[in-house]
Amino acid sequence: MPIALTPPPVPEVKVLGDAKTQSTKRKIICFSDFDGTIFMQDTGHVLFDNHGCGSTRREVLDEQIKTGERSFRDVSEEMWGSLNVPFEDGFEVMEKTLEIDPDFQSFHKYCIQNNIPFNVISAGLKPILRRVLDTFLGEEESSHIDIVANEAHISADGSEWKPIWRHDTELGHDKALSITEARREAELACEDGSIPLIVFIGDGVSDLPAAREADVLFARRGLRLEEYCVEHAIPYIPFDTFADIQREIERIKEEDEKKTGGRGVPARFNPRANLWRRVSSRTAVPRYVVMSPTKEEKMFLWPEAFSELKTPAASAVSDHAMQPQVQSAA
């Protein structure tokens, strides 16, 4: 029987917020990229290089995405379509190759203990990501993580690997839309009118559509997302391992409690995200930030070109810079 998963009728974002169960006054919701963030390697690249088009062709295809010659979705379909390996055999090479962040498991346990929903948000294939988490974390711990990604059809003999795209766009999965939906669900669940704090963790420029929807952005140190943030004066917090993220979230919780008492908008609220969404809750007055989008913000709408765009940093960004520990362009 082929491994085939059909997109569920109710999207995952319905349960991502789970805001009522949090033990802290301010609701905190974490979203994280998978490849290059939780794991050091890219799951797709491991498969393509060993059982598909090979590293040389993959690099050519990656360049076509960067230059805008072809869309991410189009190139991804070619990459996944190049695979000819049963799922179990393909997973064997991933299990041997993948390395998990040394502090991720401790951080995830911290999230569970503090009732902080932790969600993976990825442009990859959900059955692969779930199997990897089940293997490296154990099925019980893995079950606490919601995965927002593309579904897939994988034939039993491995001759067909076909993504079932989450959204009908050139990206296949609009990460920004998924986070916006989750934020809205969480806010509607807040009967006291408080606004949850959205945290995003990533490593590459493809994470920027989701990053612009977050209140706090963590970028893995030394990789392209951090470089882009520096080049364009985007507020962010660098990290080497998830232990750094855990320490910063503790500081942010204390700061927010001191400044807001957990009421209203977070101390680290990102008003720029309101340019793209209308925020409301059951008891709160809608909040708007009226301003014209900068060139940088417009670029966020076309992530397939992120790695090639070079523009001056938008001065408006500095007006919303984070606290001293946050890195920004000099």
Side-chain angles (χ1 to χ4, degrees), residues 1-9 11-13 16 31-55 57-58 61-62 65 70-100 118-137 139 142-143 145-175 177-179 202-204 206-207 209-210 303-304:
M1 180 180 293
I3 299 173
L5 295 176
T6 303
E12 292 92 331
V13 292
L16 292 183
F31 292 88
S32 177
D33 178 47
F34 193 87
D35 298 313
T37 301
I38 298 176
F39 285 84
M40 301 301 100
Q41 297 80 19
D42 186 295
T43 51
H45 290 182
V46 172
L47 285 172
F48 306 146
D49 293 354
N50 288 275
H51 296 291
C53 58
S55 59
R57 177 58 180 167
R58 175 179 59 76
L61 294 173
D62 281 337
I65 297 174
R70 296 171 66 187
S71 70
F72 175 86
R73 177 170 173 167
D74 185 32
V75 168
S76 294
E77 288 181 344
E78 179 177 332
M79 288 182 177
W80 290 112
S82 74
L83 293 175
N84 186 9
V85 60
F87 184 88
E88 293 300 327
D89 293 344
F91 183 75
E92 283 184 14
V93 70
M94 285 191 288
E95 188 173 8
K96 294 175 182 177
T97 305
L98 294 177
E99 299 172 88
I100 193 170
F118 183 89
N119 313 283
V120 164
I121 184 165
S122 171
L125 304 186
K126 187 173 180 178
I128 295 175
L129 307 185
R130 177 58 71 193
R131 179 64 178 275
V132 170
L133 289 175
D134 285 350
T135 300
F136 281 81
L137 301 182
E139 292 185 12
S142 170
S143 68
I145 298 177
D146 285 302
I147 299 177
V148 188
N150 303 299
E151 297 287 359
H153 167 81
I154 305 170
S155 63
D157 63 359
S159 62
E160 183 180 23
W161 291 63
K162 183 178 180 180
I164 300 174
W165 300 108
R166 186 174 177 83
H167 297 123
D168 187 18
T169 67
E170 289 191 348
L171 293 175
H173 178 195
D174 185 339
K175 293 182 180 181
L177 177 58
S178 290
I179 288 186
D203 71 294
S206 63
D207 294 322
E304 66 273 12

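Sequential numbering from 1 along the given sequence is applied to the chain's residues.
Every residue two or more places apart in sequence or in another chain was checked for a salt bridge (charged side-chain N to carboxylate O under 4.0 Å, His left out) with Asp203, and none qualifies. Not counting sequence neighbours, the partners of Asp35 by the side chain to side chain donor-acceptor pair (under 3.5 Å) test are Thr43. Contacts of Pro163 classified as side-chain contact (heavy atoms from CB on, under 4.5 Å), with partners at least two apart in sequence or in another chain: Trp80, Leu125, Trp165. Listed by chain and number, the residues in a side chain to side chain donor-acceptor pair (under 3.5 Å) with Asp74 are Arg70 (sequence neighbours excluded). His51 is linked by a side chain to side chain donor-acceptor pair (under 3.5 Å) to nothing, counting only residues two or more places apart in sequence or in another chain. Partners of Asp134 under the side-chain contact (heavy atoms from CB on, under 4.5 Å) rule, at least two apart in sequence or in another chain, are Arg130, Glu139, Ser142. The side chain to side chain donor-acceptor pair (under 3.5 Å) check on Arg58 picks up His45, Asp49, Asp62, with sequence neighbours excluded. The salt bridge (charged side-chain N to carboxylate O under 4.0 Å, His left out) check on Asp157 picks up nothing, with sequence neighbours excluded. Here Phe136 pairs with Phe39 under the ring pair (Phe, Tyr, Trp, His ring centres under 6.0 Å) rule; sequence neighbours left out.
Heavy atoms only, all atoms of each residue included: Val85 and Gly90 are closest at CG2-N, 3.7 Å. Here the shortest heavy-atom pairing between Pro86 and Ala156 reads CB-O, 4.1 Å. Closest approach of Phe72 and Leu171 over heavy atoms only: CD2-O, 3.3 Å. Of all heavy-atom pairs between Arg57 and Glu78, the closest is NH2-OE2, 2.8 Å. Residue Ser82 comes nearest to Cys53 through the heavy atom pair OG-N, 3.0 Å, listed as atom of the first residue, atom of the second, then distance. The shortest non-hydrogen separation linking Asp33 to Lys175 is OD1-NZ, 3.5 Å.
Using modelled atom types, no side-chain atom of Asn119 and backbone atom of Phe31 make a donor-acceptor pair closer than 3.5 Å. His153 places no side-chain N or O within 3.5 Å of a backbone atom of Ile164 that could act as its donor or acceptor partner. Using modelled atom types, one side-chain atom of Gln41 and one backbone atom of Glu99 make a donor-acceptor pair closer than 3.5 Å. The backbone N or O of Glu160 sits less than 3.5 Å from a side-chain atom of Ser155, completing a donor-acceptor pair. Although no hydrogens or angles enter the test, the distance criterion places no donor-acceptor pair under 3.5 Å between the side chain of Trp161 and the main chain of Met79.
With a 4.5 Å cut-off on side-chain heavy atoms, Ser178 and His173 count as touching. Looking at Met94 and Ile128, their side chains come closer than 4.5 Å, going by heavy atoms from C-beta outward. Residues Ile100 and Leu137 are in side-chain contact: their nearest non-hydrogen atoms beyond the backbone lie under 4.5 Å apart. The side-chain heavy atoms of Val93 and Phe91, taken from C-beta on, include no pair separated by under 4.5 Å. Taking 4.5 Å as the limit, every side-chain heavy atom of Thr169 sits out of range of all side-chain heavy atoms of Leu177. Put simply, the side chain of Leu133 reaches to within 4.5 Å of the side chain of Ile147, judged on heavy atoms.
We find the CD-OG1 distance between Glu95 and Thr97 to be 10.0 Å, quoted to the nearest 0.5 Å. The NZ atom of Lys126 sits 13.0 Å away from atom CZ of Phe34, with the distance rounded to the nearest 0.5 Å. Rounded to the nearest 0.5 Å, atoms CD1 (Ile154) and CZ (Phe87) are 5.5 Å apart. For the atom pair Leu83 CG and Ser159 OG, the distance stands at 11.0 Å (nearest 0.5 Å). Atom CG of Asp168 sits about 11.5 Å away from atom CG of Asp174, to the nearest 0.5 Å. The distance from the OG atom of Ser122 to the CG atom of Asp207 is 9.0 Å, given to the nearest 0.5 Å.
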Next item on the list: Starting from the C-alpha separation in whole Å, work towards a yes-or-no answer on side chain to side chain contact (heavy atoms under 4.5 Å, CB included) for Phe48 and Asn50.
Entry: CA-CA 6 Å; Phe48 306 146; Asn50 288 275; over 6 Å; no
- Task: For Glu88 and Arg131, run salt bridge (Lys or Arg N to Asp or Glu O under 4.0 Å): C-alpha distance rounded to whole Å, both residues' side-chain angles, the deciding distance at 0.1 Å, then the answer.
- Result: CA-CA 10 Å; Glu88 293 300 327; Arg131 179 64 178 275; 2.9 Å; yes
